[in-house]
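Notes follow once the structure below has been shown.
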Amino acid sequence: MKKINKNSLNGFINYGIVIAAFAVIQALLGMGRLSNSLQSLLVPACCYIVMAVSLNLTVGILGELSLGHGGFMSLGAFSGIAASILLQNAIPLAPARLAVSMAVGALAGALGGVIVGVPVLRLQGDYLAIVTLAFGQIIKNIIMVLYVGVDERGIHIAASSERFDLAPGGTAIIKGPMGAVGVTKLATFTAGFILILITLAVVQNLVNSRAGRAIMALRDNRIAAESVGINTTKYKLMAFVTSAALAGAAGALFGLNYSSTGASKFDFNTSILVLVFVVLGGLGSIRGSIIAAALLYVLPEMLRGLGLNDFRMLIYAIVLILVMLATNNDQLKALLGRVIPKRKGAVTSG
Amino acid sequence: MAEKKQFQKGKMVPVPSVSIIPERDLDKSPILECSHLGIDFGGLTAVNEFNVTVGRTEIAGLIGPNGAGKTTVFNLLTKVYQPTRGTILLDGLDTHGKTPSQVNRMGIARTFQNIRLFNNLTVEDNVKIGLHNQEKYSMFSGILRLPKYWRQEKAAHERALELLSIFDMQDLANHQAGSLPYGAQRRLEIVRALATNPSLLLLDEPAAGMNPSETAELMENIVKIRDTFQIAIMLIEHDMSLVMGICEGICVLNFGQIIAKGTAEEIQSNPTVIEAYLGKQQ
Ligand SMILES: Nc1ncnc2c1ncn2[C@@H]1O[C@H](COP(=O)(O)OP(=O)(O)OP(=O)(O)O)[C@@H](O)[C@H]1O
Ligand SMILES: [Mg+2]
């Protein structure tokens, strides 16, 4: 009797794709058919998928441009790494420590989202793009000069190496320009897979709820949304902070995948890279974000040997501009419409 | 409740406005009272000395030539613009300093002259967004899909279809709102506004772009909505057959000023009104 809602169906397909991909990769791993270089891409690919899906919440579903998603990833990475080191003795079990560290990363991301969002999202206009751009840069610059360590006297935080007086037996967590060093690599592919599933659940369930509809209403027509009693700032903030929290969790997983991580790994290029995934995958399309992130992250990494790497950001930029032109230009749209069969229905959780 | 009463007392209209309330509503307090309402855009006075009272179950008309300031009155009532002068009392409560979304929660819902639907979403979702403040579960119940979510979503789904059935639109529930024909989009806007459970519904040119048979049907439906929901409706319309057919109190604006108020017969025979309209035609 009851029809399955089109949006929920799309959601189930997305879970299916992710679970199937995980199963196939696990099988390949079991058979030893995956090269070492490919294996090393698995965790970061998961992180970038989470980054893309979460950025899509801000850009595609809320309709606000964010150019600093890497900043939230950075917050998550360094707070997650710090948590994992500080909790080394308290939580000896690695997966549990990883989970807690990712939760800490998510909290740090959310906090960053609140700090950026509360003043900016009250305003109408493209202020968010400008402020998030600056935010990403500021986070990077702060971490570049930040020294954090722990010894028997407690936690030490300093803004320069001279003032950083760690006792000889202490552990340095973040060492300014060198970033986090001596990290125990806790990240696993399974954790990445679970994080993707959690991200899908959060974003898709949000979209298909009262709050998600309010968020999409703001995107489609702010004046009409207000006229039916929707609190603009509250729902903008809700989407933005959720998006930042997921980026923080992805950052923690990413940071715990390497023995050392520098702040420059989460710079403007990273933010733009994720934005390219979202735009190419389709604004508002969760599945598009997953596929674009997976393909566009893994393929160029595999082509590294071909010497194309120097041009990677240039190629992304050109592709991004072409896509923006194509989606804004009526003639080009008409042309594309003839080549690509028209997509039906809402750009919600496809 | 006690707090509401007190508020009401201090903010009553200082000068009683001229009443155009139908008799059956006279024993109840009016739903809307505007006094000395006005707004200037830079040097231009778009609306001035707008004094109007609307009864609880009245269908009121706001007419006037193009650019008279009719839509501006709606924008003042819904706080899209903050008034330069005057007070607006909704059910005795001052709406001063409220935001558009707060005014909606107080009980004013509206449609727009230039249709504003959530075009990428389905018809049903548009209505469910109207039901936003009737649903009460939190973001977390939504993400975790707690029983509260399922219960309220089911209720919202049923309510949305019920509201759509007013205009016989329940079969369009899964269509994309932006793809509907013009007339259906106008009707959907009315349904969405009704979904917010208003006590005063403002319709800005509901019959614009409709053919005569659609307009006749719309007239019946507006009366039906008033009768079933027992709410006040204020409408702006250029189609005089609609206005004279269903509006009990009519207010005529010209250059931002009220030039006449009264029943359909009174308005039709008012020399100032005739002049304003004929002056425009020549
Ligand atoms: N935001 C604004 N800024 C400046 N002037 C405005 C603004 N909004 C409306 N006006 C002016 O106020 C006057 C009244 O406009 P309004 O839209 O209320 O007219 P209307 O009676 O609804 O006309 P129509 O029948 O054409 O819809 C017009 O002269 C218009 O130019
Ligand atoms: Mg108008």
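First the proteins, then the strands, lettered A, B, ... as listed; each starts at 1.
Closest approach of A:S209 and B:G142 over heavy atoms only: CB-CA, 4.1 Å. Taking all atoms of both residues into account, the shortest heavy-atom contact from A:I230 to B:S101 is O-CB, 3.3 Å. Between B:H132 and A:A214, the shortest heavy-atom contact is CE1-CB, 3.6 Å.
Between chain A and the residues B:N104, B:T111, B:L117, B:N119, the largest count of heavy-atom pairs under 4.5 Å involves B:N104. Annotation: maximal heavy-atom pairing with chain A below 4.5 Å, among B:H175, B:R110, B:R145, occurs at B:R145. Here B:R116 is the residue among B:Q102, B:Q152, B:R116, B:K128 with the most heavy-atom pairs under 4.5 Å with chain A. Chosen from B:E135, B:K79, B:R105, B:M106, the residue pairing most often with chain A at heavy-atom distances under 4.5 Å is B:E135. In terms of heavy-atom pairs under 4.5 angstrom with chain B, the leader among A:T232, A:L206, A:I223, A:V203 is A:I223.
In B:Y182, the OH atom is crowded: over 12 heavy atoms of neighbouring residues, nucleotides or ligands sit closer than 6.0 Å. Remark: A:D126 CG is loosely packed, at most 12 non-hydrogen atoms of other residues, nucleotides or ligands lying under 6.0 Å away. B:Y137 OH: more than 12 foreign heavy atoms inside a 6.0 Å radius.
Rounding to the nearest 0.5 Å places CG of A:N208 at 8.0 Å from CG of B:D125. Taking CG of B:N126 as the reference point, atom CG of A:D220 lies at 8.0 Å (rounded to 0.5 Å). To the nearest 0.5 Å, the span separating OG on A:S227 from CD on B:E189 amounts to 7.5 Å. Here the straight-line distance linking atom CG of A:N205 with atom CZ of B:F140 works out to 13.0 Å at 0.5 Å rounding. Between the CE atom in A:M216 and the CD1 atom in B:I129 there is a gap of 6.5 Å [rounded to 0.5 Å].
Ion pairing of B:E124 with A:R213 is absent here, as no side-chain N (NZ or NE/NH1/NH2) approaches a carboxylate O to less than 4.0 Å.
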- Could you walk me through whether A:R210 and B:N133 pass the side chain to side chain contact (heavy atoms under 4.5 Å, CB included) check? CA-CA 9 Å; A:R210 164 181 183 264; B:N133 286 312; 4.1 Å; yes
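Among the residues in residues 194-206 of chain B, those with a non-hydrogen atom closer than 4.5 angstrom to a non-hydrogen atom of chain A are B:T196.
Proximity of A:V228 to B:R192: side-chain heavy atoms (C-beta onward) are separated by under 4.5 Å at one or more points.
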